[in-house]
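By convention in this document, chain letters (A, B, ...) are assigned in the order of the sequence lines, proteins followed by strands, and residues within each chain are numbered from 1. Side chains included, hydrogens not; waters and symmetry mates left out as well; all remaining heavy atoms used.
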There are 2 protein chains.
Amino acid sequence: MNQESELQIFRKYLQKKGLRYTPEREQIIKEIFLTHDHFDVDTLYLRMRQKGLQISKASIYRLIPLLIEAGLIEEVFFEDGHMHYEYIYGHEPHCHLRCISCKRIEEFRDPHWPDMEKMLKEKFGYEITNYKLEVQGLCPACKEKQKKE
Amino acid sequence: MNQESELQIFRKYLQKKGLRYTPEREQIIKEIFLTHDHFDVDTLYLRMRQKGLQISKASIYRLIPLLIEAGLIEEVFFEDGHMHYEYIYGHEPHCHLRCISCKRIEEFRDPHWPDMEKMLKEKFGYEITNYKLEVQGLCPACKEKQKKE
DNA sequence: TAGTGTAATGAGACACTTTAACAATAATTA
DNA sequence: TAATTATTGTTAAAGTGTCTCATTACACTA
Ligand SMILES: [Zn+2]
Ligand SMILES: [Zn+2]
Ligand SMILES: [Zn+2]
Ligand SMILES: [Zn+2]
């Protein structure tokens with residue numbers, strides 16, 4: 001059974017909101033969904049320019065909140081003065097473990113989340129929309145390097 | 001038995017690093033440790049000015065990474081275009097549940113963290129330095145309000 | 001005490017990210 | 001067709017955080 005494509009999802013979302021599906025938006029989304037890498041606005045913009053796609057940065061900035069509200073992408077972390085995103089639709093939810101020294105990122109699943117979610121719902125009465133577990137540490141390589149110094 | 005004060009901790013840290021303990025730094029730290037509220041640089045700066053303490057913003061910005069490295073404060077979340085911090089020394093580690101509508105924040109303990117930490121150490125070989133679990137959702141009041149619309 | 005080197009400060013300039021304003025354009029609706 | 005609305009690129013603006021620099025404070029030595 002085929003799952004809906006991200007473009008279909010997005011078109012439905014726009015329709016519901018009375019917004020328009022434009023070539024610019026299509027190009028940006030296609031670029032985002034090309035890889036599962038984490039991305040930021042500037043590198044996405046440069047990547048598109050290198051391919052000859054002429055999209056203004058403002059259009060990317062304007063599209064991002066829509067994609068987030070449509071449930072297609074998510075903020076992952078703020079680093080080096082700007083936000084980093086990744087697409088989530090069609091991917092297992094996961095958490096991030098980052099090396100504070102070399103900035104390497106490992107992804108892992110949190111088996112306890114369903115329990116946590118249940119607990120939070122019961123204790124606080126919140127309707128949970130999303131969660132983010134971000135762990136920092138020193139990767140084995142950097143740990144080794146530090147030991148030698 | 002008395003626990004070391006945050007100023008003592010900080011002085012030790014500075015000594016170890018060959019840095020200096022100045023009146024400006026003392027004033028900033030005292031202000032931060034006055035309440036457990038989450039804070040950001042700008043409001044801390046204004047709060048100090050209102051009390052007649054003349055500290056430059058640059059000094060606050062320069063102090064923050066030191067306090068983080070000394071284990072006294074921590075980044076909690078990035079919102080409204082800037083980072084928010086809170087002091088952690090002498091406080092139970094906790095996670096944050098935020099209402100996406102009214103921005104209210106609930107704090108809670110994560111009982112699963114010790115298991116998670118163990119798992120991450122074993123699986124990835126990282127030395128974990130800190131973790132941040134941030135949950136978003138709709139608080140009961142905002143849920144009710146939304147229902148009526 | 002005087003001299004030297006290092007660190008810290010405040011002020012302002014700067015770089016950078018993100019948002020807003022605007023006029024022009026494209027799509028939609030009446 | 002005309003009117004309305006959404007979208008775009010460009011440019012300007014806002015805002016955050018960093019850097020530079022001249023000056024000051026401190027620690028150490030001669
Ligand atoms: Zn590393
Ligand atoms: Zn990821
Ligand atoms: Zn709320
Ligand atoms: Zn807190």
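Taken residue by residue, residues 47-77 of chain A places heavy atoms nearer than 4.0 Å to DNA chain D at A/Gln54, A/Ile55, A/Ser56, A/Ala58, A/Ser59, A/Arg62. Using a 4.0 Å cutoff on non-hydrogen atoms, the parts of residues 5-23 of chain A near DNA chain C are A/Arg20, ordered by number.
What separates CZ of A/Phe78 from C1' of D/dG15 is a distance of 11 Å, to the nearest Å. Atom pair B/His84:NE2 and D/dT16:C1' shows a separation of 12 Å (rounding to whole Å applied). Atoms CD (B/Glu79) and P (C/dT17) sit 21 Å apart, rounded to a whole Å. Residue A/Gln27 contributes atom CD, which lies 14 Å from atom C1' of D/dT7 at whole-angstrom precision. In this structure, the CG atom of A/Asp40 is 14 Å from the P atom of C/dC16, given to the nearest Å. In this structure, A/Asp80 places its CG atom 16 Å from C1' of C/dT18, rounding to the nearest Å. Look at CD on A/Glu24: it is 9 Å from C1' on D/dG9, rounded to the nearest Å. Atoms CZ (A/Arg25) and P (C/dA27) sit 13 Å apart, rounded to a whole Å.
Relative to the side chain of B/His82, the nucleotides C/dG10, D/dT16, D/dG9 differ in distance, and D/dT16 lies closest.
The environment of CZ in A/Arg11 is sparse: at most 12 heavy-atom neighbours from other residues, nucleotides or ligands sit within 6.0 Å. Heavy atoms of other residues, nucleotides or ligands lying less than 6.0 angstrom from CD of B/Gln15 number 12 at most.
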Show your working on salt bridge (Lys or Arg N to Asp or Glu O under 4.0 Å) between A/Glu79 and A/Arg98 and close with a plain yes or no. CA-CA 11 Å; A/Glu79 192 171 64; A/Arg98 289 194 298 151; 2.3 Å; yes
side-chain contact (heavy atoms from CB on, under 4.5 Å) for B/Glu107 and B/His91? Distances and angles first, verdict last. CA-CA 12 Å; B/Glu107 304 193 329; B/His91 273 87; over 6 Å; no
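The closest side-chain donor-acceptor pair between A/Tyr13 and A/Glu69 falls under 3.5 angstrom.
Aromatic pair B/His84/B/His96: centroids not less than 6.0 angstrom apart.
Note on B/Leu133: it does not cluster hydrophobically with A/Phe78, by side-chain heavy-atom contacts below 4.5 Å among ILVMFWY residues.
Between B/Phe77 and B/His38, the ring planes are perpendicular. Angles over 60° get that label, and only those under 30° would be called parallel. Between B/Trp113 and B/Tyr131, the ring planes are parallel. Angles under 30° get that label, and only those over 60° would be called perpendicular.
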